[in-house]
Every structure is written in C-alpha cells, then in structure tokens.
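First the structure, in the form of structure tokens, and then the observations on it.
Predicted, not measured: the structure shown is a model, and the values here were computed from it.
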Amino acid sequence: MIKRHLLCAGVVAAALPGAALAESLRCSNGIASEGDSRIAVVYKCGQPILRDSYCAPVYYSGSFYTVPDPIASLYVPCVYTEEWLYERGPGELVAVIRMRGGRVQSITYGREPH
C-alpha cells in the first residue's frame, strides 16, 4: 500500500512542470542576472546603448485584467519600469533588461527590441 502511494506521488511529481530557468547576460565584468541592482548591471555590463522608462499598468492579482485608471491612480500606482538595451556584437542577439523597483526583473533576447 505504501509503495503504491509513493509510486503515485512520483508520477504526480514527474508530471509537474519544472522550475523556470532565469536568463542572464554575460558581460566583460561578470554576469548580470535577475535580482541584480541597476548599479550592479552598469558595473558588470557598462552603459546600455538605449534606455526607456515608463509606468507599467497594474494588474489584478492572479489575472490578465488591468486595474482601471480611476482606481489605479487613487489606490494602486503604476509600476515604474525601465528597459535597457545592450547590443552584444555582430552575429549576436540584442539583450533587453527589464527593471522594476531598481532590480532586474527579466532579461530577454531577440533580433530586435519588441
């Protein structure tokens, strides 16, 4: 009976998706990764070639619906977000670092920024 429960638990655990892998950016002074501060990224990778900042909309917890402007502006401010673009050289994909709250939230790669 115990073996059957252990087997079922193993099957369920194997069916669950694995943990998502965080992206990182290899630079001349180290590797920038999620959770790094702005100053750490500049130290490791230098200044980006482009920077953009905007106020990202706030979403209801656990959904894809944005909080309407009247409520968001009164109670839940937007989230200040920065995106930094790094060109990594010929034949390499550009890297976009998204920061929220002064920390790296994500690093994405592509042929061009989107």
Side-chain angles (χ1 to χ4, degrees):
M1 190 66 153
I2 293 174
K3 288 183 180 181
R4 180 177 289 168
H5 288 291
L6 289 175
L7 179 62
C8 289
V11 169
V12 169
L16 294 174
L21 297 175
E23 290 288 340
S24 60
L25 176 62
R26 183 178 303 275
C27 301
S28 58
N29 286 333
I31 297 174
S33 57
E34 291 179 14
D36 282 356
S37 67
R38 286 188 297 234
I39 197 163
V41 174
V42 171
Y43 174 76
K44 293 173 184 177
C45 302
Q47 293 292 332
I49 62 167
L50 290 172
R51 287 183 191 209
D52 186 24
S53 61
Y54 56 92
C55 205
V58 177
Y59 294 88
Y60 285 111
S61 178
S63 77
F64 294 108
Y65 298 107
T66 59
V67 176
D69 281 335
I71 297 171
S73 61
L74 291 175
Y75 302 107
V76 183
C78 59
V79 179
Y80 181 75
T81 303
E82 294 180 80
E83 290 187 354
W84 293 6
L85 177 73
Y86 285 92
E87 280 205 26
R88 301 173 341 124
E92 296 287 337
L93 299 174
V94 297
V96 176
I97 296 179
R98 177 174 289 144
M99 297 193 192
R100 288 192 176 165
R103 300 254 173 220
V104 175
Q105 179 195 26
S106 65
I107 300 172
T108 56
Y109 295 94
R111 296 193 185 279
E112 58 188 41
H114 50 298

So which heavy atom on [X] is nearest to which on [Y], and how close?
X      : Y     : result
Ile107 : Leu25 : CD1-N, 4.0 Å
Ser53  : Tyr80 : CB-OH, 3.2 Å
Val94  : Glu87 : CG1-CG, 3.9 Å

Just verifying a value: how many Å separate [X] [atom1] and [Y] [atom2], rounded to the nearest 0.5 Å?
X      : Y      : atom1 : atom2 : answer
Arg103 : Arg38  : CZ    : CZ    : 9.5 Å
Ser28  : Lys44  : OG    : NZ    : 11.5 Å
Gln105 : Glu34  : CD    : CD    : 8.0 Å
Arg26  : Cys45  : CZ    : SG    : 11.0 Å
Glu83  : Leu50  : CD    : CG    : 11.0 Å
Ser106 : Arg100 : OG    : CZ    : 8.0 Å

With a 4.5 Å cut-off on side-chain heavy-atom distances among I, L, V, M, F, W and Y, is there a chain of contacts connecting Ile49 to Val96?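 Yes.
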
Are Leu93 and Val41 linked, directly or through other ILVMFWY residues, by side chains that come within less than 4.5 angstrom of each other?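 Yes, one cluster joins them.
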
Are Glu23 and Thr108 packed together at the side-chain level, in the sense that at least one heavy-atom pair is separated by less than 4.5 angstrom?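 Contact flag for Glu23/Thr108 side chains = no.
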
Side chains of Val104 and Trp84, heavy atoms from C-beta outward: is any pair under 4.5 Å?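 No - every pair of side-chain heavy atoms lies 4.5 Å or more apart.
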
Ignoring hydrogens and geometry beyond distance, is a side-chain donor-acceptor pair present between Glu92 and Tyr109 at under 3.5 Å?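 The answer is no; no qualifying pair exists.
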
Would you find more than 12 non-hydrogen atoms of other residues, nucleotides or ligands less than 6.0 Å from Tyr54 atom OH?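 Enclosed: over 12 neighbouring heavy atoms sit under 6.0 Å from OH of Tyr54.
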
